[in-house]
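Working notes, structure below.
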Number of protein chains: 2
Amino acid sequence: MKPDPISSEFLESLTKVSRKIRTAFNQQVTAHGLTYPRARTLLRLSKKQNMTQSELACELELEQATMVRLLDRMEENGLIERRADASDRRVKLIVLTPYGEEQAALVQSIGEGLRMQVFADIDPEELRASIALFERISANVAEMDDIHVPA
Amino acid sequence: MKPDPISSEFLESLTKVSRKIRTAFNQQVTAHGLTYPRARTLLRLSKKQNMTQSELACELELEQATMVRLLDRMEENGLIERRADASDRRVKLIVLTPYGEEQAALVQSIGEGLRMQVFADIDPEELRASIALFERISANVAEMDDIHVPA
DNA sequence: ACGGAATAGTTGGCATGCTAAGTATTAACA
DNA sequence: TGTTAATACTTAGCATGCCAACTATTCCGT
(Lines give C-alpha, C1' and ligand atoms only; values in the text may rest on other atoms or scores of the structure.)
Protein backbone atom coordinates (compact mmCIF):
# COMPACT_ATOMS: atom_id res chain seq x y z
CA MET A 1 0.00 0.00 0.00
CA LYS A 2 2.24 2.81 -1.29
CA PRO A 3 0.46 6.10 -0.75
CA ASP A 4 2.47 7.92 -3.39
CA PRO A 5 5.54 6.56 -5.14
CA ILE A 6 6.04 9.81 -7.02
CA SER A 7 6.42 11.87 -3.88
CA SER A 8 8.97 9.39 -2.64
CA GLU A 9 10.90 9.62 -5.89
CA PHE A 10 10.68 13.39 -5.76
CA LEU A 11 12.20 13.44 -2.29
CA GLU A 12 15.05 11.19 -3.30
CA SER A 13 15.79 13.20 -6.40
CA LEU A 14 15.58 16.45 -4.47
CA THR A 15 17.94 15.19 -1.80
CA LYS A 16 20.43 13.97 -4.34
CA VAL A 17 20.57 17.06 -6.49
CA SER A 18 20.82 19.22 -3.42
CA ARG A 19 23.75 17.23 -2.09
CA LYS A 20 25.48 17.13 -5.47
CA ILE A 21 25.34 20.89 -5.83
CA ARG A 22 26.54 21.49 -2.30
CA THR A 23 29.40 19.06 -2.78
CA ALA A 24 30.45 20.66 -6.06
CA PHE A 25 30.41 24.11 -4.52
CA ASN A 26 32.25 22.83 -1.49
CA GLN A 27 35.00 21.31 -3.62
CA GLN A 28 35.60 24.62 -5.34
CA VAL A 29 35.76 26.68 -2.18
CA THR A 30 37.91 24.19 -0.27
CA ALA A 31 40.42 24.51 -3.09
CA HIS A 32 40.68 28.13 -1.95
CA GLY A 33 41.01 27.32 1.76
CA LEU A 34 37.35 27.83 2.66
CA THR A 35 34.41 25.65 3.61
CA TYR A 36 30.78 25.69 2.54
CA PRO A 37 29.36 27.23 5.75
CA ARG A 38 32.08 29.85 5.83
CA ALA A 39 31.45 30.73 2.21
CA ARG A 40 27.75 31.07 2.91
CA THR A 41 28.49 33.34 5.86
CA LEU A 42 30.86 35.48 3.81
CA LEU A 43 28.24 35.92 1.10
CA ARG A 44 25.61 36.99 3.58
CA LEU A 45 27.99 39.42 5.24
CA SER A 46 29.00 40.90 1.90
CA LYS A 47 25.34 41.87 1.47
CA LYS A 48 24.79 43.19 4.97
CA GLN A 49 27.32 43.81 7.70
CA ASN A 50 26.96 44.78 11.36
CA MET A 51 24.46 42.02 12.03
CA THR A 52 24.33 40.38 15.45
CA GLN A 53 25.27 36.73 15.71
CA SER A 54 21.63 35.81 16.28
CA GLU A 55 20.46 37.67 13.19
CA LEU A 56 23.14 36.03 11.11
CA ALA A 57 22.29 32.60 12.51
CA CYS A 58 18.64 33.19 11.71
CA GLU A 59 19.32 34.23 8.11
CA LEU A 60 21.55 31.22 7.56
CA GLU A 61 19.07 28.98 9.39
CA LEU A 62 21.65 27.79 11.91
CA GLU A 63 21.47 27.60 15.68
CA GLN A 64 23.18 30.34 17.67
CA ALA A 65 25.58 27.81 19.14
CA THR A 66 26.59 26.65 15.67
CA MET A 67 27.10 30.27 14.61
CA VAL A 68 29.35 30.98 17.58
CA ARG A 69 31.87 28.35 16.67
CA LEU A 70 31.71 29.04 12.95
CA LEU A 71 32.52 32.69 13.72
CA ASP A 72 35.25 31.61 16.15
CA ARG A 73 37.12 29.94 13.32
CA MET A 74 36.38 32.66 10.82
CA GLU A 75 37.80 35.13 13.31
CA GLU A 76 40.91 32.96 13.79
CA ASN A 77 41.31 32.88 10.01
CA GLY A 78 41.08 36.66 9.87
CA LEU A 79 37.89 36.69 7.81
CA ILE A 80 35.64 38.56 10.25
CA GLU A 81 35.73 40.71 13.36
CA ARG A 82 33.40 40.88 16.36
CA ARG A 83 32.62 44.44 17.41
CA ALA A 84 30.88 45.61 20.56
CA ASP A 85 27.53 47.37 20.23
CA ALA A 86 27.40 50.60 22.21
CA SER A 87 23.68 50.37 22.90
CA ASP A 88 23.55 46.72 24.08
CA ARG A 89 26.49 45.15 25.79
CA ARG A 90 25.19 41.63 25.18
CA VAL A 91 25.49 42.02 21.44
CA LYS A 92 28.43 41.50 19.09
CA LEU A 93 28.27 42.93 15.61
CA ILE A 94 29.95 41.01 12.84
CA VAL A 95 31.96 42.75 10.13
CA LEU A 96 34.21 41.52 7.34
CA THR A 97 37.91 42.25 7.46
CA PRO A 98 39.53 43.44 4.21
CA TYR A 99 40.69 39.85 3.71
CA GLY A 100 37.12 38.71 4.37
CA GLU A 101 35.80 41.10 1.70
CA GLU A 102 38.33 39.71 -0.72
CA GLN A 103 37.35 36.12 0.00
CA ALA A 104 33.67 37.01 -0.22
CA ALA A 105 34.25 38.37 -3.72
CA LEU A 106 36.04 35.16 -4.63
CA VAL A 107 33.15 33.06 -3.35
CA GLN A 108 30.75 35.21 -5.30
CA SER A 109 32.60 34.60 -8.53
CA ILE A 110 32.90 30.87 -7.83
CA GLY A 111 29.16 30.73 -7.30
CA GLU A 112 28.46 32.61 -10.51
CA GLY A 113 30.76 30.36 -12.48
CA LEU A 114 29.13 27.29 -11.05
CA ARG A 115 25.62 28.55 -11.82
CA MET A 116 26.58 29.43 -15.36
CA GLN A 117 27.75 25.88 -15.99
CA VAL A 118 24.97 24.10 -14.14
CA PHE A 119 22.08 26.14 -15.50
CA ALA A 120 23.47 26.85 -18.95
CA ASP A 121 20.90 24.78 -20.81
CA ILE A 122 18.00 25.14 -18.38
CA ASP A 123 14.89 27.11 -19.26
CA PRO A 124 14.30 29.86 -16.65
CA GLU A 125 10.59 29.12 -16.80
CA GLU A 126 11.22 25.64 -15.46
CA LEU A 127 13.24 27.10 -12.61
CA ARG A 128 10.41 29.49 -11.82
CA ALA A 129 7.89 26.66 -11.82
CA SER A 130 10.03 24.61 -9.48
CA ILE A 131 10.55 27.55 -7.16
CA ALA A 132 6.78 27.96 -6.90
CA LEU A 133 6.49 24.27 -6.11
CA PHE A 134 9.19 24.52 -3.44
CA GLU A 135 7.38 27.38 -1.78
CA ARG A 136 4.17 25.42 -1.54
CA ILE A 137 5.98 22.40 -0.14
CA SER A 138 7.85 24.57 2.35
CA ALA A 139 4.56 26.09 3.46
CA ASN A 140 3.10 22.63 3.97
CA VAL A 141 6.06 21.56 6.07
CA ALA A 142 5.90 24.73 8.15
CA GLU A 143 2.19 24.23 8.71
CA MET A 144 2.83 20.67 9.81
CA ASP A 145 5.35 21.87 12.37
CA ASP A 146 2.79 24.35 13.67
CA ILE A 147 0.44 21.54 14.54
CA HIS A 148 3.03 20.00 16.80
CA VAL A 149 4.49 23.30 18.06
CA PRO A 150 1.56 25.72 17.86
CA ALA A 151 2.86 28.63 19.96
CA MET B 1 26.22 42.36 -13.25
CA LYS B 2 24.19 39.33 -12.14
CA PRO B 3 24.51 36.49 -14.65
CA ASP B 4 21.06 35.17 -13.78
CA PRO B 5 19.24 35.96 -10.57
CA ILE B 6 16.72 33.18 -11.17
CA SER B 7 19.26 30.41 -10.85
CA SER B 8 20.46 31.96 -7.63
CA GLU B 9 16.93 32.12 -6.31
CA PHE B 10 16.35 28.54 -7.39
CA LEU B 11 19.39 27.36 -5.45
CA GLU B 12 18.33 29.17 -2.32
CA SER B 13 14.81 27.85 -2.54
CA LEU B 14 16.04 24.33 -3.23
CA THR B 15 18.41 24.44 -0.29
CA LYS B 16 15.73 25.71 2.05
CA VAL B 17 13.03 23.24 1.14
CA SER B 18 15.52 20.41 1.30
CA ARG B 19 16.61 21.39 4.78
CA LYS B 20 13.05 21.95 5.98
CA ILE B 21 11.99 18.49 4.91
CA ARG B 22 15.01 16.84 6.40
CA THR B 23 14.51 18.71 9.67
CA ALA B 24 10.85 17.77 9.85
CA PHE B 25 11.62 14.12 9.22
CA ASN B 26 14.44 14.26 11.73
CA GLN B 27 12.17 15.66 14.42
CA GLN B 28 9.74 12.81 13.97
CA VAL B 29 12.33 10.06 14.10
CA THR B 30 14.26 11.56 17.04
CA ALA B 31 11.01 11.43 18.97
CA HIS B 32 11.34 7.67 18.54
CA GLY B 33 14.99 7.51 19.58
CA LEU B 34 16.46 7.52 16.08
CA THR B 35 18.38 9.95 13.89
CA TYR B 36 18.01 10.86 10.24
CA PRO B 37 21.05 8.92 8.96
CA ARG B 38 20.09 5.86 10.99
CA ALA B 39 16.56 6.02 9.68
CA ARG B 40 17.85 6.24 6.13
CA THR B 41 20.09 3.24 6.73
CA LEU B 42 17.25 1.22 8.23
CA LEU B 43 15.05 1.95 5.21
CA ARG B 44 17.72 0.84 2.80
CA LEU B 45 18.38 -2.32 4.78
CA SER B 46 14.69 -3.14 4.94
CA LYS B 47 14.77 -3.27 1.12
CA LYS B 48 17.98 -5.26 0.80
CA GLN B 49 19.99 -6.97 3.49
CA ASN B 50 23.38 -8.67 3.41
CA MET B 51 25.04 -5.74 1.74
CA THR B 52 28.66 -4.95 2.46
CA GLN B 53 29.47 -1.71 4.23
CA SER B 54 30.87 -0.28 1.02
CA GLU B 55 27.74 -1.09 -0.96
CA LEU B 56 25.59 0.45 1.72
CA ALA B 57 27.75 3.56 1.85
CA CYS B 58 27.55 3.88 -1.91
CA GLU B 59 23.77 3.62 -1.97
CA LEU B 60 23.43 6.19 0.79
CA GLU B 61 26.10 8.37 -0.84
CA LEU B 62 28.28 8.40 2.25
CA GLU B 63 31.98 7.71 2.63
CA GLN B 64 33.01 4.32 3.95
CA ALA B 65 34.52 5.93 7.03
CA THR B 66 31.22 7.64 7.81
CA MET B 67 29.37 4.38 7.34
CA VAL B 68 31.67 2.56 9.78
CA ARG B 69 30.81 4.75 12.73
CA LEU B 70 27.15 5.01 11.85
CA LEU B 71 27.01 1.22 11.89
CA ASP B 72 29.05 1.13 15.10
CA ARG B 73 26.31 3.04 16.89
CA MET B 74 23.51 1.17 15.20
CA GLU B 75 25.15 -2.04 16.35
CA GLU B 76 25.46 -0.70 19.91
CA ASN B 77 21.77 0.19 19.79
CA GLY B 78 20.91 -3.32 18.68
CA LEU B 79 19.52 -2.25 15.30
CA ILE B 80 21.91 -4.16 13.06
CA GLU B 81 24.46 -6.95 13.09
CA ARG B 82 27.75 -7.37 11.24
CA ARG B 83 28.21 -10.86 9.82
CA ALA B 84 31.32 -12.37 8.32
CA ASP B 85 31.30 -13.35 4.66
CA ALA B 86 32.60 -16.87 4.07
CA SER B 87 34.00 -16.08 0.64
CA ASP B 88 35.85 -12.86 1.50
CA ARG B 89 37.23 -12.31 4.95
CA ARG B 90 37.62 -8.56 4.39
CA VAL B 91 33.89 -8.10 4.06
CA LYS B 92 31.19 -7.61 6.69
CA LEU B 93 27.59 -8.16 5.70
CA ILE B 94 24.99 -6.00 7.39
CA VAL B 95 21.66 -7.42 8.52
CA LEU B 96 18.80 -6.01 10.56
CA THR B 97 18.06 -7.45 13.99
CA PRO B 98 14.40 -8.11 14.81
CA TYR B 99 14.43 -4.81 16.68
CA GLY B 100 15.95 -3.19 13.61
CA GLU B 101 13.17 -4.57 11.41
CA GLU B 102 10.64 -3.16 13.81
CA GLN B 103 12.22 0.28 13.79
CA ALA B 104 12.53 0.19 10.00
CA ALA B 105 8.80 -0.38 9.75
CA LEU B 106 8.22 2.55 12.08
CA VAL B 107 10.43 4.80 9.97
CA GLN B 108 8.58 3.67 6.87
CA SER B 109 5.24 4.69 8.33
CA ILE B 110 6.62 8.00 9.58
CA GLY B 111 7.87 8.74 6.07
CA GLU B 112 4.55 7.86 4.50
CA GLY B 113 2.68 10.02 6.97
CA LEU B 114 4.98 12.92 6.30
CA ARG B 115 4.67 12.59 2.54
CA MET B 116 0.90 12.41 2.74
CA GLN B 117 0.77 15.71 4.58
CA VAL B 118 3.45 17.51 2.61
CA PHE B 119 2.30 16.47 -0.86
CA ALA B 120 -1.45 16.33 -0.19
CA ASP B 121 -2.31 19.26 -2.43
CA ILE B 122 0.50 18.91 -4.95
CA ASP B 123 -0.13 17.85 -8.54
CA PRO B 124 1.93 14.73 -9.37
CA GLU B 125 2.66 16.23 -12.80
CA GLU B 126 4.50 19.09 -11.16
CA LEU B 127 6.56 16.62 -9.17
CA ARG B 128 7.41 14.74 -12.34
CA ALA B 129 8.44 17.92 -14.09
CA SER B 130 10.69 18.88 -11.20
CA ILE B 131 12.23 15.43 -11.08
CA ALA B 132 13.13 15.74 -14.76
CA LEU B 133 14.68 19.12 -14.05
CA PHE B 134 16.67 17.70 -11.13
CA GLU B 135 18.05 14.95 -13.32
CA ARG B 136 19.28 17.40 -15.90
CA ILE B 137 20.87 19.60 -13.26
CA SER B 138 22.49 16.55 -11.63
CA ALA B 139 23.88 15.52 -14.99
CA ASN B 140 25.35 18.99 -15.50
CA VAL B 141 27.00 18.90 -12.10
CA ALA B 142 28.41 15.43 -12.72
CA GLU B 143 29.77 16.53 -16.08
CA MET B 144 31.39 19.54 -14.45
CA ASP B 145 33.13 17.27 -11.94
CA ASP B 146 34.40 15.14 -14.81
CA ILE B 147 36.20 18.11 -16.28
CA HIS B 148 38.21 18.57 -13.11
CA VAL B 149 38.54 14.86 -12.30
CA PRO B 150 38.48 13.15 -15.72
CA ALA B 151 39.73 9.68 -14.83
C1' DA C 1 13.03 50.79 41.37
C1' DC C 2 13.05 45.74 41.79
C1' DG C 3 12.59 40.95 40.72
C1' DG C 4 11.69 37.75 37.35
C1' DA C 5 11.32 36.80 32.31
C1' DA C 6 13.48 37.27 27.98
C1' DT C 7 17.57 37.74 25.08
C1' DA C 8 22.69 37.38 23.40
C1' DG C 9 26.38 34.89 23.52
C1' DT C 10 29.16 30.91 25.26
C1' DT C 11 30.33 26.17 26.51
C1' DG C 12 29.92 21.00 26.87
C1' DG C 13 28.63 16.80 24.92
C1' DC C 14 27.11 14.20 21.18
C1' DA C 15 26.28 12.65 16.18
C1' DT C 16 27.39 13.27 11.43
C1' DG C 17 30.33 14.17 7.60
C1' DC C 18 34.86 14.57 5.43
C1' DT C 19 39.98 13.38 4.20
C1' DA C 20 44.10 10.97 5.12
C1' DA C 21 46.54 7.23 6.88
C1' DG C 22 46.78 2.38 8.58
C1' DT C 23 45.72 -2.87 8.54
C1' DA C 24 44.10 -7.10 6.63
C1' DT C 25 42.85 -9.56 2.75
C1' DT C 26 42.29 -10.55 -2.05
C1' DA C 27 43.29 -9.90 -6.99
C1' DA C 28 46.39 -9.37 -10.84
C1' DC C 29 50.20 -9.98 -13.45
C1' DA C 30 55.03 -10.63 -14.67
C1' DT D 1 54.69 -18.11 -7.78
C1' DG D 2 55.56 -13.96 -5.63
C1' DT D 3 55.44 -9.13 -5.67
C1' DT D 4 52.44 -5.34 -6.39
C1' DA D 5 48.07 -3.21 -6.76
C1' DA D 6 43.47 -2.95 -5.37
C1' DT D 7 39.79 -3.46 -2.03
C1' DA D 8 37.31 -3.59 2.69
C1' DC D 9 37.25 -1.96 6.84
C1' DT D 10 39.11 0.86 10.63
C1' DT D 11 41.13 4.80 13.06
C1' DA D 12 42.56 9.68 13.78
C1' DG D 13 41.64 14.38 13.40
C1' DC D 14 38.94 18.10 11.95
C1' DA D 15 34.59 20.96 10.91
C1' DT D 16 29.71 21.28 11.12
C1' DG D 17 25.33 20.68 13.22
C1' DC D 18 22.27 19.87 17.19
C1' DC D 19 20.41 20.41 22.21
C1' DA D 20 20.88 21.63 26.93
C1' DA D 21 22.83 24.26 30.43
C1' DC D 22 25.32 28.55 31.84
C1' DT D 23 26.56 33.73 32.25
C1' DA D 24 25.77 38.39 31.33
C1' DT D 25 22.71 41.79 30.08
C1' DT D 26 18.34 43.99 29.15
C1' DC D 27 13.33 44.27 29.37
C1' DC D 28 8.98 44.38 31.70
C1' DG D 29 5.35 44.28 34.98
C1' DT D 30 4.12 45.67 39.45
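Each chain gets a letter, A, B and so on, in the order the sequences are listed, and its residues count up from 1.
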- [ ] Keeping the roles fixed (side chain from B/S7, backbone from A/F119), state whether a donor-acceptor pair exists under 3.5 Å.
- [x] no
Task: Interatomic distance where CZ belongs to A/R40 and C1' belongs to D/dG17 [whole Å] - done: 11 Å
- [ ] Quickly work out the A/M74 CE to D/dT16 P distance and round it to whole Å.
- [x] 9 Å
Task: Among C/dT10, C/dA15, D/dC18, the nucleotide that comes nearest once only the side chain of B/R73 is considered - done: C/dA15
- [ ] Measure from the side-chain heavy atoms of B/P37 and tell me the nearest of C/dT16, C/dT10, D/dC19.
- [x] C/dT16
- [ ] Confirm from the modelled atom types if A/R69 and C/dG12 form a donor-acceptor pair under 3.5 Å, side chain to base only.
- [x] yes
Task: Atom pair distance, as rounded to whole Å: CD in B/Q64 and P in C/dA24 - done: 17 Å
TODO: Respond yes when some side-chain nitrogen or oxygen of A/Q53 is under 4.0 Å from OP1 or OP2 of C/dT10, and no when none is.
DONE: yes
Task: Closest listed nucleotide, where the reference is the side chain of A/L62 and the choices are D/dG17, C/dT11, C/dT26 - done: D/dG17
TODO: Determine the minimum heavy-atom distance between B/R136 and A/D121, stating which atoms define it.
DONE: NH2-O, 3.1 Å
- [ ] Give a yes/no on whether any side-chain N or O of B/S54 is located under 4.0 angstrom from OP1 or OP2 of D/dT7.
- [x] no
- [ ] To the nearest Å, give me how far apart CD (B/E63) and P (D/dT7) are.
- [x] 15 Å
Open item on the list: Between A/T52 and C/dA8, is there a contact of a side-chain N or O with OP1 or OP2 at under 4.0 Å?
Closed with: no
Open item on the list: Between P on D/dG17 and CG on A/L71, what's the gap in Å once rounded to a whole number?
Closed with: 12 Å
Open item on the list: In whole Å, I'd like the distance from the CZ atom of A/R83 to the C1' atom of C/dG9.
Closed with: 19 Å
Task: Rounded distance in Å - CE (A/M67) to C1' (C/dT7) - done: 18 Å
TODO: Would you kindly compare B/L93 and A/L70 by the position of their nearest DNA chain D nucleotide and give the one closer to the 5′ end?
DONE: B/L93
Task: A/R82, CZ: over 12 other non-hydrogen atoms inside 6.0 angstrom - done: yes
Task: Donor-acceptor pair between A/E81 and A/T97 side chains, under 3.5 angstrom - done: no
Task: Any B/R38 side-chain nitrogen or oxygen under 4.0 Å from OP1 or OP2 of C/dT16 - done: yes
Task: Listed nucleotide nearest any side-chain atom of A/A65, set C/dT11, C/dA20, D/dT16 - done: C/dT11
TODO: Measure the spacing between OG1 of B/T52 and CE of B/M67 and express it to the nearest 0.5 Å.
DONE: 10.5 Å
Task: For atom CD of B/Q28 and atom C1' of D/dC18, their distance in whole Å - done: 18 Å
TODO: Report which part of the nucleic acid B/V91 touches: base, sugar-phosphate, or nothing (heavy-atom distance under 4.0 Å, all strands).
DONE: sugar-phosphate
Open item on the list: Can you tell me if B/T66 touches the phosphate of C/dC18, counting only side-chain N or O atoms and a distance under 4.0 Å to OP1 or OP2?
Closed with: yes
Open item on the list: Quick check on D/dT10: is either OP1 or OP2 less than 4.0 Å from any side-chain nitrogen or oxygen of B/R82?
Closed with: yes
Task: Closest to side chain of B/D88, choosing from C/dT10, D/dT10, C/dT26 - done: C/dT26
- [ ] Specify whether B/F134 and A/F10 have parallel, tilted or perpendicular ring planes, treating 30° as the upper limit for parallel and 60° as the lower limit for perpendicular.
- [x] tilted
Task: Check: A/R90 side chain, C/dT7 base, donor-acceptor under 3.5 Å - done: yes
Open item on the list: Using the side-chain heavy atoms of B/R89, tell me which of these nucleotides is nearest: C/dT25, C/dG9, C/dC18.
Closed with: C/dT25
